[in-house]
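For reference, the structure discussed in these notes is given below.
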Amino acid sequence: MKKIVAIIKPFKLDEVKEALSGIGVAGMTITVVKGFGRQKGHTELYRGSEYVVDFLPKIQIEILTEDGKVAGTVETIAGAANTGQIGDGKIFVLPVGDIVRIRTGEHGEDAI
């Protein structure tokens, strides 16, 4: 089992969600986050003064999936989130030791 964590631009969320639903992803967790990478933020003008915005708004998507579905899920996220511009985001794939469904006590892939 793997945990896929994707950081994307906020306006791409609906596209990514629809694309993932289209390949049968049953659930995901969405978090509003802020951060920066190579983009290093940007400057804005407010009431005549220029200031630096260090942390940009992003969306973090977390998905748990079986090993065999990881490549397709990652490709789907990357395709739907891609704008070709700097700041499109990152995708991380992490190993998961176990999953427990609290209500039923199921473990592993049965709990996904």
Side-chain angles (χ1 to χ4, degrees):
M1 294 174 295
K2 302 286 187 208
K3 178 179 181 179
I4 299 170
V5 179
I7 309 293
I8 64 170
K9 291 183 175 184
F11 68 89
K12 296 299 269 183
L13 176 60
D14 288 335
E15 254 181 86
V16 171
K17 185 180 79 166
E18 288 174 19
L20 289 169
S21 294
I23 63 164
V25 171
M28 65 186 79
T29 301
I30 307 298
T31 309
V32 177
V33 296
K34 291 185 176 194
F36 71 90
R38 290 183 186 167
Q39 197 173 3
K40 303 272 195 278
H42 63 277
T43 58
E44 288 188 7
L45 195 61
Y46 179 72
R47 292 188 177 180
S49 298
E50 190 175 279
Y51 67 98
V52 177
V53 178
D54 291 333
F55 296 100
L56 301 172
K58 301 288 181 178
I59 298 291
Q60 178 175 302
I61 302 170
E62 296 176 82
I63 300 167
L64 294 171
T65 190
E66 298 92 1
D67 290 338
K69 296 182 179 178
V70 171
T73 303
V74 168
E75 288 175 21
T76 300
I77 294 169
N82 185 18
T83 66
Q85 302 295 315
I86 192 166
D88 275 350
K90 299 268 190 301
I91 301 172
F92 308 96
V93 179
L94 309 164
V96 174
D98 195 12
I99 302 169
V100 178
R101 185 184 308 255
I102 295 172
R103 180 178 55 86
T104 62
E106 295 171 297
H107 283 259
E109 291 183 4
D110 293 336
I112 294 180

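Proximity of K9 to K58: side-chain heavy atoms (C-beta onward) are separated by under 4.5 Å at one or more points. Taking the side chain as every heavy atom from C-beta outward, I91 and V5 never approach each other to under 4.5 Å. Between V16 and I59 there is no side-chain heavy-atom pair separated by less than 4.5 Å. Side-chain contact between L64 and M1 is absent, with no heavy atoms from C-beta onward closer than 4.5 Å. Looking at heavy atoms from C-beta onward, T65 lies in side-chain contact with I4 at the 4.5 angstrom threshold.
Q85 and T83 form no side-chain donor-acceptor contact under 3.5 Å, judged by distance and modelled atom types alone.
Distance check, rounded to the nearest 0.5 Å: NZ of K90 to CD1 of I8 gives 14.0 Å. Distance check, rounded to the nearest 0.5 Å: OG1 of T29 to CD of Q60 gives 9.5 Å.
Note: the hydrophobic cluster containing V70 does not contain I112 (ILVMFWY, side chain heavy atoms under 4.5 Å, direct or indirect links). Each of I7 and L56 belongs to its own hydrophobic cluster when Ile, Leu, Val, Met, Phe, Trp and Tyr are linked at side-chain heavy-atom distances under 4.5 angstrom. Note on V93 and I23: same hydrophobic cluster, where clusters join Ile, Leu, Val, Met, Phe, Trp and Tyr whose side-chain heavy atoms are under 4.5 Å apart, directly or indirectly. In the hydrophobic cluster analysis, where Ile, Leu, Val, Met, Phe, Trp and Tyr join through side-chain heavy atoms closer than 4.5 angstrom, I61 is grouped together with V74. Residues V32 and I30 fall within the same hydrophobic cluster, defined by Ile, Leu, Val, Met, Phe, Trp and Tyr side chains chained together at heavy-atom separations under 4.5 Å.
Of the possible donor and acceptor atoms, none in the side chain of K3 sits under 3.5 Å from a partner among the backbone N and O of E62.
The environment of K69 atom NZ is sparse: at most 12 non-hydrogen atoms of other residues, nucleotides or ligands sit within 6.0 angstrom.
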Passes side-chain contact (heavy atoms from CB on, under 4.5 Å), I77 versus I63? Steps please.
CA-CA 11 Å; I77 294 169; I63 300 167; 4.0 Å; yes
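Nearest heavy-atom pair across A111 and R101 is O-NH2, 3.2 Å. Shown here for K12 and N82, the closest heavy-atom pair between the two residues is NZ-O, 3.8 Å.
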